There are 2 protein chains.
Amino acid sequence: MYLCGMNTTDTRERILHQMFTDIRKNGFQGLRADKVVADMGITKGALYHYFSNKQEIGTAVLDEIIRPNYLAAFRRLDQHAGDPITFLQEHIDHLAQAATEEDIALGCPLNNLAQEMSPLDETFRLRMKHIVEQIEHSVAAALERGKVNGYVREDADSKALGRFFFSSIEGAYSMAKVIKSAEAFRQNMQLLKTFLQVYRL
Amino acid sequence: MYLCGMNTTDTRERILHQMFTDIRKNGFQGLRADKVVADMGITKGALYHYFSNKQEIGTAVLDEIIRPNYLAAFRRLDQHAGDPITFLQEHIDHLAQAATEEDIALGCPLNNLAQEMSPLDETFRLRMKHIVEQIEHSVAAALERGKVNGYVREDADSKALGRFFFSSIEGAYSMAKVIKSAEAFRQNMQLLKTFLQVYRL
DNA sequence: AAAGATACATACTGGTTGGTATGTTGTCAA
DNA sequence: TTGACAACATACCAACCAGTATGTATCTTT
């Protein structure tokens, strides 16, 4: 081998990414771990070398793929000093724009996993709860800063709005997934933007 | 037996209801049909007498339990001549009030099934799509009538609002399920009510 | 270069699960 | 009363699937 040590970990990442893709379509219970790696041309030996069991595959997908992907935007929001409503509206625009028909048909990875696994595995649920609460808190804190800086109406309930913001996005993903329409998703994102407008000062 | 013919179907209904309960917790892929009936004290013989396979169990649950339960309220809305926004707000109140912690932890049955099965089975998806579109249409039509009767602002996009209405409710169920908080659900329902208020004339 | 340790491959297993084949009993119509 | 059929029960099966035990080549460390 020409690779110098470090890149051997590449196999683990490849497996993980493929698991993510498969879970997104089939769900965690529908995931057939051995089939996935077989389709990649590798064997169970490699799989169980990197992951000790199926649940660990799930948590790794959650921690290493889903979580960072979701929190990136809100980490930016945490360090954003300007108008939070504009930031959120732009984020909504970004989601609307980025959503392909395939993305919509497969649904939001976090929401998929959350809906399936919350009643079945408390480990999963708590991990996902943490992500959701971090997002809600990030939005709420930004709105509070927005009040201080004169961007947001004083009577806005920041915590409730943070909740509603994220819930609406996830709801839009959910329904768009069922009716298989990216346009429906964009329509909902548009309405969410106008709703945020109400709280502008 | 003292029962006179008709009531033999009772077994089928009992099975169906138990399947509904189990699917709600474990998902459709997680459903172990034979275990469910075993726990009821009956056997696979009875199960496969009434249902020819697992998928048929799913569609029966959808058609005979979930669907009528969801459409009931909106059938009332279809025949409602008064202010639609008040009707919708009262419906939201009803959902908020009726939601127990257990309901919330288990999530919306329609949404659960929809999220899990949409990418896996087109038969399921189309059935669920139909339910969703019927609800959206019912709300949209009510808002249009509301415009004519002077209850709703003319500039309201009824179709988009119908979508957003239902999406928001489902999103609220979803997130409340993850964080396991009926209070969070009610908070979101409250905000949805204030949002509808905007479109009042 | 010897001795582990790492990164896989191969082969197997034991429990599960959707589904079937077949048997049994009560009901009802002719 | 007898034949047919509905409403189950029992027993069985083949496929699947998470997980393990074991083998082996390569790489690293000393």
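Keep in mind it's a predicted model, so treat the numbers as computed, not measured. So you know, we letter chains A, B, ... as the sequences are listed, proteins then strands, and number each from 1.
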Can you check whether A:Thr11 has a side-chain N or O nearer than 4.0 Å to OP1 or OP2 of C:dC8?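 True: A:Thr11 side-chain N/O within range (under 4.0 Å) of C:dC8 OP1/OP2.
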Is the distance from OP1 or OP2 of D:dA7 to the nearest side-chain N or O of B:His49 less than 4.0 Å? yes
Under a 3.5 Å cutoff, is there a donor and acceptor pairing between the side chains of A:Gln115 and A:Asn111? yes
Answer yes if the side chains of A:Asn112 and A:Lys177 hold a donor-acceptor pair under 3.5 Å, and no otherwise. yes
Please list all pairs passing the salt bridge (Lys or Arg N to Asp or Glu O under 4.0 Å) test where one or both residues lie in residues 16-42 of chain B, with sequence neighbours left out.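 Counting only pairs at least two positions apart or across chains, the salt bridge (Lys or Arg N to Asp or Glu O under 4.0 Å) contacts touching residues 16-42 of chain B are B:Arg24-B:Asp103.
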Quick one: [X] [atom1] to [N] [atom2], roughly how many Å, whole number?
| X | N | atom1 | atom2 | value |
| --- | --- | --- | --- | --- |
| A:Arg14 | C:dC8 | CZ | C1' | 12 Å |
| B:Leu47 | D:dA11 | CG | P | 18 Å |
| A:Met40 | C:dA9 | CE | P | 10 Å |
| B:Ile15 | D:dA9 | CD1 | C1' | 13 Å |

Run the side chain to side chain donor-acceptor pair (under 3.5 Å) test against B:Ser167 and tell me which residues pass, sequence neighbours left out.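 Applying side chain to side chain donor-acceptor pair (under 3.5 Å) to B:Ser167 gives A:Asn188.
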Is there a ring pair (Phe, Tyr, Trp, His ring centres under 6.0 Å) between B:Phe28 and B:Phe124? Walk through the geometry before answering. CA-CA 11 Å; B:Phe28 183 73; B:Phe124 274 114; 5.2 Å; yes
Letter per nucleotide, 5' to 3', of nucleotides 15-22 of chain D [B base touched, S only sugar-phosphate touched, - untouched; heavy atoms, 4.0 Å]: --SBBB--
Do the rings of A:Phe165 and A:Phe74 sit parallel, tilted or perpendicular, given the 30° and 60° boundaries? perpendicular
